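Ligands are counted one by one from 1 in listed order, and the atoms in each one are counted from 1 as well. Predicted model, so just to flag it, every value in this text is computed and none were measured.
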Amino acid sequence: MGGPAVPQERKLVTAIPGPKSLELNERRRKAVTDAVPTSHPSYIAAAGGGILVDVDGNQIIDLGSGIAVATVGNSNPHVVEKAKAQLDMFTHTCFMVNAYESYVDAAEKINALTPGDFEKRTAFFNSGAEAVENAVKAARSYTGRRAVVVFDNAYHGRTNLTLAMTAKAKPYKKSAYGPFASDIYRMPMSYPYRDNAAAGTKLTGEEAAKRVITQIRTQIGADAVAAIVIEPIQGEGGFIVPAEGFLPSIVEFAKENGIVFVADEVQSGFARTGKMFASEWEGIEPDLVTMAKGIAGGLPLSAVSGRADIMDAAGVGGMGGTYGGNPTAVAAALGALESYEQDGLVARALEIGEVIEGRLAKLQGMYPGVIGDVRGRGAMQAMELVQEGTIEPNPELTNAIADFGTKNGLLLLVTGTYGNVIRFLPPLSISDELLNDAFDVIEEAFAAALA
Ligand SMILES: *Cc1c(COP(=O)(O)O)cnc(C)c1O
């Protein structure tokens with residue numbers, strides 16, 4: 001599983017960014033709007049395994065996978081082969097004009113992979129946000145209700161409805177972008193690190209769920225809620241793993257009250273957490289699952305899959321779009337799904353998780369005052385940085401660590417509601433050697449920042 005012949009080693013041949021990246025950036029500044037920023041300064045020429053090669057020839061360790069997208073590795077051969085073959089046959093018909101077998105194949109495979117042994121239906125779209133929009137559409141049509149429950153720290157996308165569902169104001173939902181969609185209600189997420197610190201004791205998942213259920217009952221009315229939409233592990237919010245028991249309690253409440261439970265697995269799905277879907281960790285069976293990022297090895301594709309009666313409730317013609325389930329994207333997805341299975345990537349995610357957990361535990365032991373929390377599952381791990389001895393966020397240190405990584409050939413992604421979380425979500429094609437090299441650099445980064 002390799003992609004292009006990219007040497008699997010970190011190597012710096014210029015400063016980062018190098019002269020060619022700087023030159024491209026000058027052109028970019030005059031051609032591309034500043035509204036779309038880029039967090040890492042290197043322009044990329046090739047990528048594969050666990051390495052990004054920039055235009056100056058620097059080899060950078062990738063701990064971000066283009067935000068959980070290149071989970072099967074960049075230019076994964078299964079993906080490339082299937083996508084290329086499709087490009088030679090036809091590039092587009094619009095599935096709503098002429099159907100094709102690969103769309104049906106991919107839907108069958110997704111139905112078989114998602115949690116729950118019930119009759120399912122699937123629809124494909126282009127982006128995660130579009131999948132979430134359509135899940136809400138299905139849930140509202142099915143229930144005849146309007147209210148949608150979402151959570152603190154949630155990220156569901158950048159379309160108008162999904163912005164209303166996303167929690168963070170800056171940079172996503174400045175008030176000038178509104179008015180935002182109505183009938184969205186935000187509830188307290190189970191955030192063990194901060195909940196326990198605030199409560200001075202361990203808040204159980206059931207207690208955290210009760211807090212939500214009470215608010216739903218008193219502020220909305222359970223019988224007014226169409227859907228509860230939640231990331232089983234929050235992505236942009238800071239890789240927050242809810243306390244055990246939280247998700248099952250919410251699922252049970254949803255079931256008792258005729259509410260559609262939607263797991264937004266756009267970031268946590270597709271082997272990322274060491275299960276095909278993060279919902280499996282606590283054995284929950286969402287009514288609907290939204291997915292995208294890891295689904296097609298980098299090509300734009302998303303899906304909603306779930307209970308047939310809910311998916312069909314939007315009515316004939318109620319879902320669609322020009323490009324949704326584009327033949328090349330669907331072919332790429334079939335390649336990615338083949339790679340997950342044949343290359344044992346679910347198991348590999350667990351192994352990667354063990355390496356990262358070991359290194360994070362060591363690091364936290366070295367800097368217990370500022371590494372407030374380490375958490376995650378499989379190849380979706382994070383550390384939360386705080387002001388020495390408190391739970392006050394420390395975005396300055398977080399950025400200093402990420403900048404040190406950048407200068408030393410390491411791509412680190414900063415995230416979290418408070419901008420104080422570094423998340424580790426490497427492609428599953430990365431080697432243990434690269435992972436360990438990356439964490440050696442991170443140890444140097446802490447030593448330099450805290451000197
Ligand atoms: C990225 C993300 C989205 C939005 O996906 P886009 O493809 O960027 O529209 C939605 N939900 C979650 C959990 C995500 O991580």
request  = Below 4.0 angstrom from a heavy atom of Glu231, which ligand 1 atoms are there? Numbered from 1 as shown, please.
outcome  = 13 (C)

request  = Starting at CG of Asn134, measure out to CE of Met319 and round the result to the nearest 0.5 Å.
outcome  =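 Going from CG on Asn134 over to CE on Met319, the span is 5.0 Å.
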
query = If you round to the nearest 0.5 Å, how far is CD of Glu236 from CZ of Phe239?
reply = 8.0 Å

inquiry  = One thing to verify: whether Arg348 and Asp432 come together as a salt bridge, which I'm taking to mean a side-chain N less than 4.0 angstrom from a carboxylate O.
reply    = yes

Polar contacts were defined as any N/O atom of the residue lying under 3.5 Å from an N/O atom of the ligand; does this apply to [X] and ligand 1?
| X | value |
| --- | --- |
| Asp264 | yes |
| Gln267 | yes |
| Ala129 | yes |

ask   = Can you check whether a protein heavy atom sits less than 4.0 angstrom from atom 15 (O) of ligand 1?
value =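 Yes, at least one protein heavy atom sits under 4.0 Å from atom 15 (O) of ligand 1.
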
ask   = So which bit of Ala292 gets within less than 4.0 Å of ligand 1, heavy atoms only: side chain, backbone, both or neither?
value =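 For Ala292, there is no contact with ligand 1 at all, from either part.
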
Tyr323 and Phe124 aromatic centres sub-6.0 Å = no

request  = Mind telling me whether Tyr100 and Tyr103 have parallel, tilted or perpendicular rings, with 30° and 60° as the class edges?
outcome  =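 Perpendicular: the ring planes of Tyr103 and Tyr100 meet at over 60°.
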
message = Quick test of your reading of the structure: of Met165, Glu236, Glu265, Lys293, whose heavy atom lies closest to atom 1 (C) of ligand 1?
response = Lys293

ask   = Any idea which of Gly157, Ala131, Gly128 brings a heavy atom closest to atom 6 (P) of ligand 1?
value = Gly128

request  = Return yes if a side-chain donor-acceptor contact under 3.5 Å exists between Asn98 and Thr93, otherwise no.
outcome  = no

query = So, Glu265 and Ser268: side-chain donor and acceptor under 3.5 Å apart, yes or no?
reply = yes

task = Report yes or no: does Gly235 have a heavy atom closer than 4.0 Å to ligand 1?
result =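 The answer is no, since Gly235 has no heavy atom less than 4.0 Å from ligand 1.
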
